[in-house]
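From a predicted model like this one, the values you see are computed outputs, not experimental measurements. Position 1 is the first residue of the sequence; numbering continues from there.
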Amino acid sequence: KLTFTPFTLTGKIPAEINAADLPLNFTGLKDGDIIRVEIADTSSTTEDIFETDTVLNNRVIIKGSELATLAAGPLDMSFYADNNYPLDNPGKEGGVLNFFYKLKYQRATLKK
């Protein structure tokens with residue numbers, strides 16, 4: 001049965017962060033759910049962060065070692081969840097119904 005529960009970021013990401021572990025708390029997700037995290041800086045000389053994390057206790061942690069690879073300055077952070085639902089009457093090829101849900105992006109400034 002199709003049920004859709006949007007997820008939300010609990011609390012605010014600080015306006016300024018350091019290159020230390022950054023715990024992010026969510027509601028609307030359960031243990032084992034997968035969330036995609038994208039963090040982009042404004043530098044063309046560094047690789048942005050694109051990762052998938054598994055939710056545990058309504059939380060994912062962005063490692064400080066990953067944040068340290070980004071340039072100091074403004075960061076744009078995006079969080080996505082994919083939900084797949086089996087079909088009651090799929091065609092012979094099979095398939096699933098997929099919902100892709102993205103939170104409004106968040107901003108912070110990375111200090112080093």
**Report entry** Derivation of the side-chain contact (heavy atoms from CB on, under 4.5 Å) call for L22 and M77
**Finding:** CA-CA 12 Å; L22 178 64; M77 302 180 195; 4.3 Å; yes

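- Annotation: salt bridge (Lys or Arg N to Asp or Glu O under 4.0 Å) contacts involving residues 66-81, sequence neighbours excluded, comprise D76-R107.
- The minimum heavy-atom distance linking D21 with K63 is given by the pair OD1-CA, 3.4 Å.
- Remark: the backbone N or O of N57 is paired with a side-chain donor or acceptor of D31 at under 3.5 angstrom.
- In this structure, I61 is not a member of the same hydrophobic cluster as L103, with clusters built from ILVMFWY side-chain heavy atoms closer than 4.5 Å.
- Rounded to the nearest 0.5 angstrom, T42 OG1 and L70 CG are separated by 10.0 Å.
- Here D48 pairs with nothing under the salt bridge (charged side-chain N to carboxylate O under 4.0 Å, His left out) rule; sequence neighbours left out.
- Judged as a ring pair (Phe, Tyr, Trp, His ring centres under 6.0 Å), the pairs with a partner in residues 52-79 (not counting sequence neighbours) are, in order, F26-F79.
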Extract all donor-acceptor atom pairs below 3.5 Å that involve side chains of residues 4-18 and protein atoms in other chains or at least two apart in sequence.
from	atom 1	to	atom 2	distance (Å)
T8	OG1	T27	OG1	2.5

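- One distance of note links NZ of K112 with CG of L67; it measures 9.0 Å at 0.5 Å rounding.
- Hydrophobic clustering (side-chain heavy atoms under 4.5 Å, transitive across Ile, Leu, Val, Met, Phe, Trp, Tyr) keeps Y105 apart from L24.
- Taking CD of Q106 as the reference point, atom OG of S78 lies at 9.0 Å (rounded to 0.5 Å).
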Per-pair distances, 0.1 Å, donor-acceptor, side chain in residues 33-41, under 3.5 Å, sequence neighbours excluded:
from	atom 1	to	atom 2	distance (Å)
D33	OD1	K30	NZ	3.3
D33	OD2	K30	N	2.9
R36	NH2	D82	OD2	3.4
E38	OE1	Y80	OH	3.2
D41	OD1	S43	N	3.1
D41	OD1	T46	OG1	3.1
D41	OD2	T46	OG1	2.4
D41	OD2	A71	N	2.8

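- Applying the ring pair (Phe, Tyr, Trp, His ring centres under 6.0 Å) rule to pairs touching residues 44-76 yields nothing, sequence neighbours excluded.
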